[in-house]
Amino acid sequence: QRLEWLSEQVLDWSGLPVVHVRPTVFLDGPLFTTLTARSIAGSGTIRLPFGTGRTSPITTDDVARVVASILTDPGPYIGRVLELTGPRSQDMNGVAEEYARALSRPVTYVDVPWETWAEQVLSRAGLGSYVNEQIAAMARLHRENRYDRVTTTVEEITGRPAESVEEFVTRQGNLFAE
């Protein structure tokens, strides 16, 4: 996150006409797909070290729609910072409920201590050290409730609301097959 912030600062200092697009955590990233799918298939649980932190994950499709709109007509967005989120911010119990509805089976959230999760899940996922470091930072920020925000920016720019967790899991159900 620090490198991303620094990159934004450099671009601002450059004098170039820029738009900063800041999505929250990606719903179709490893946290909510690969790692989550394994625990859902194995035990009907989402096992993450997020505590009671709230989150508003967004799909890469929604981010792509926003970016395509900006590239088509950048003028109104030059110099702006666009925070992109999913349609609601909720704790992981709420996220698990959306998975359960989409998958038509029970899914619950289990808050796992960071050390246990890092050893039993993250280290065995084979994602690579850079991705592991990024996921570790995101897990800490979730636990600190730093992802608790919601915007309507996706809908304002594209005319269509951001996809919910339930809609995404329904659309990508094959990722979570038993």
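Computed from a prediction, not measured in an experiment: that's the story for all the values here.
With side-chain heavy atoms closer than 4.5 Å counting as contact, directly or through intermediates, the hydrophobic cluster containing W13 also holds V10. Within the hydrophobic cluster formed by Ile, Leu, Val, Met, Phe, Trp and Tyr side chains joined at under 4.5 Å, directly or through other members, I58 is accompanied by V19, V21, F26, V63, V66, V67, I70, L71, Y77, I78, L82, L84, V154, I157.
Salt bridge present: R88 and E98 bring a charged side-chain N and a carboxylate O closer than 4.0 Å. A salt bridge does not link E167 with R171: none of the charged nitrogens is closer than 4.0 Å to a carboxylate oxygen.
Contact between D62 and E163 at its shortest, heavy atoms only, is OD2-N, 2.7 Å. Considering every non-hydrogen atom in both T85 and V150, the closest pair reads OG1-CA, 3.4 Å. The shortest non-hydrogen separation linking R105 to F176 is NH2-O, 2.7 Å.
The closest side-chain donor-acceptor pair between Q120 and T116, if any, does not fall under 3.5 angstrom.
Y109 has its side chain out of reach of V95: every pair of non-hydrogen atoms, C-beta onward, lies at least 4.5 Å apart. Side-chain contact between E97 and Q90 is absent, with no heavy atoms from C-beta onward closer than 4.5 Å. Considering only heavy atoms from C-beta on, Y147 comes within 4.5 Å of M138 through its side chain.
Taken from CE in M92 to CG in L48, the straight-line distance is 5.0 Å, to the nearest 0.5 Å.
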Requested in this report: Would you please test D148 and S89 for side chain to side chain donor-acceptor pair (under 3.5 Å) and show each step?
Outcome: CA-CA 6 Å; D148 183 15; S89 182; 2.6 Å; yes
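The aromatic rings of F50 and H142 lie parallel to each other, with less than 30° between the two planes, well short of the 60° mark.
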